[in-house]
Amino acid sequence: MSMNTADRFDLVTRHTTEVVTDEELGALLETETPSVYIGYAPTGEMHIGHFTTMRKLADFLRAGLNVTVLIADLHAHLDDEKSPFDLLDARSAYYEEAVEAMIAAAGGDPGQVKFVRGTEFELDPEYTLDIYRMAAETTLARSQRAASEVVRESDSPNLGGLLYPLMQTLDVRALEADIAYGGIDQRGIYMLSRELLPEYGSSAPVCLFAPLLSGLSGGKMSASDAGSKVNLTDDPDLVAEKIEQAYCPAGELEENGVLEYLEHLVFPVLAGREEEFVVERPEQYGGDLVYEPGGYEQLEADFLSGELHPADLKPAASAYISAVIDPVREQLTEQPELLAAAYPEKYGE
RNA sequence: CCGCCCUUAGCUCAGACUGGUAGAGCAGUCGACUGUAGAUCGACUUGCCCCCCGUUCAAAUCGGGGAGGGCGGACCA
């Protein structure tokens, strides 16, 4: 690649919330063609929160990394049976399609991404044996702590949730990933991985973490609260409705999902296309506002100062969000059988 | 293998002893107030009370059986 190391480093690390560690990543980017992987457990429907990591995959590709997406089907079941065992195939198929569509919509080439399902290698004898070896030397408390932000909490936790971090650790090795990328909620697990893998003759992965976006109703995005997130299959009217109802206090950035969507999703995509962000505004409030590609900082400043009012921002935000996810929605709705098979209760026969 | 406990609204649970076809909090919906949303007021909605059989004029409630879940014992002592 003609890109120099500093540029590569910036590209790889932008829009991340933590890098473990800068030094290791720097060294990695100087030498070879590093590999990065991210795992998605095919549980609930994919949503806009996933999109921010997809956009990073486009960055990774541009930086010349080998990118692997793991569809962690076994994990989806191990975590409190979030996905029933006999729906794993259907949900994996849906995830694969959705991920490809999102990568494309985010300006990347899905053809350059390697897709792997967990069951393709997690049942290999060597892998299985190492699960047992790690299980023998890992305490319940350690595993539980590692998984606490990821695995569903319960008064009566299942064994599956405790195996989960160990398997994720072995995934890093099996996929020969130099870099593990995931939401910051994955931190606990990968810190365990960094501890364990060297004991098993592998090097610890460099870890890159994505910020978790706030939900639209304030607080975290919640799977159980439909209004807290935009789904990939939401049509523009529904997106508009959700954004209209979103928590968005004037002049405040904290837990402001609308602004976070713009920062981590809309503006990066617009920047890739060199398109402006236009807020249409009635004359009585000052007329239209135009932001340059990459002009999120300015928008945020205007929002903080009160120059940009939420009531004006929201319609613009929902229009651009819809535009970004539109191709994904179309691709998915063209194949209704995918969703019907993956979520029969909701889209079923 | 044995014993005990649990199963009621979307969620967490009361109500069961003393039968009279259900309640609270949260969530949700709708108004008011804000140039958005939230917050705050005001109003409203929500149910195969796990299933089957039985007793009874009447069963969420009592009796029997079943299913699902949880805890403990049993070996080590």
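Letters A, B, ... mirror the listed sequences (proteins, then strands); counts begin at 1.
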Considering Watson-Crick and G-U wobble pairs with both distances under 3.5 Å, what does [N] pair with?
N	value
B:U56	none
B:G31	B:C41
B:A67	B:U7
B:A77	none
B:G47	none
B:A24	B:U12
B:U18	none
B:C2	B:G72

For atom [atom1], what is the distance between [N] and [M], given to the nearest Å?
N	M	atom1	result
B:U29	B:U21	C1'	27 Å
B:G23	B:U46	C1'	13 Å
B:A16	B:U7	P	13 Å
B:C48	B:U8	P	11 Å
B:C62	B:G15	C1'	16 Å
B:G35	B:A27	P	25 Å
B:U18	B:U40	P	43 Å
B:G73	B:G65	P	26 Å

Q.
If you take the centroid of each ring, where Trp contributes its six-membered ring, are A:Y296 and A:Y291 closer together than 6.0 Å?
A. no

**Q.** Side-chain H-bond candidate by donor/acceptor type, A:Y40 with A:T53, under 3.5 Å
**A.** yes

Q. Would A:E260 and A:S214 count as having a side-chain donor-acceptor pair, cut-off 3.5 Å?
A. yes

Mind calculating the distance between [atom1] ([X]) and [atom2] ([N]) to the nearest angstrom?
X	N	atom1	atom2	result
A:E241	B:A37	CD	P	13 Å
A:D80	B:G70	CG	C1'	14 Å
A:Q245	B:G31	CD	P	11 Å
A:E244	B:U36	CD	P	11 Å
A:L216	B:U36	CG	P	18 Å

Q: Test A:Q186 against A:Q168 for side chain to side chain donor-acceptor pair (under 3.5 Å), laying out the working first.
A: CA-CA 10 Å; A:Q186 305 291 320; A:Q168 191 163 328; 3.0 Å; yes

Q) Is A:E153 atom CD crowded by more than 12 heavy atoms from other residues, nucleotides or ligands, each under 6.0 Å away? A) no

Q. At what distance, to the nearest 0.5 angstrom, does CE of A:M167 lie from NE2 of A:H75?
A. 5.0 Å

Q | Stepwise side-chain contact (heavy atoms from CB on, under 4.5 Å) check, A:T16 with A:F209 | A | CA-CA 6 Å; A:T16 59; A:F209 296 113; over 6 Å; no

(Q) Is there a side-chain contact (heavy atoms from CB on, under 4.5 Å) between A:V36 and A:T68? Walk through the geometry before answering. (A) CA-CA 6 Å; A:V36 59; A:T68 297; over 6 Å; no

Q. Between residues 248-268 of chain A and RNA chain B, which residues have a heavy-atom gap below 4.0 Å?
A. A:C248, A:P249, A:A250

Q. Do any of residues 299-315 of chain A sit with a heavy atom less than 4.0 Å from RNA chain B, and if so which?
A. A:H309, A:P310, A:A311, A:D312, A:K314

Q) Does the side chain of A:R329 reach to within under 4.5 Å of the side chain of A:D234, using non-hydrogen atoms? A) no

Q | Contact list for residues 113-127 of chain A, test salt bridge (charged side-chain N to carboxylate O under 4.0 Å, His left out), sequence neighbours left out | A | A:D89-A:R117, A:E96-A:R117

Q) Is the A:F60 ring parallel, tilted or perpendicular to the A:Y181 ring (thresholds 30°, 60°)? A) perpendicular

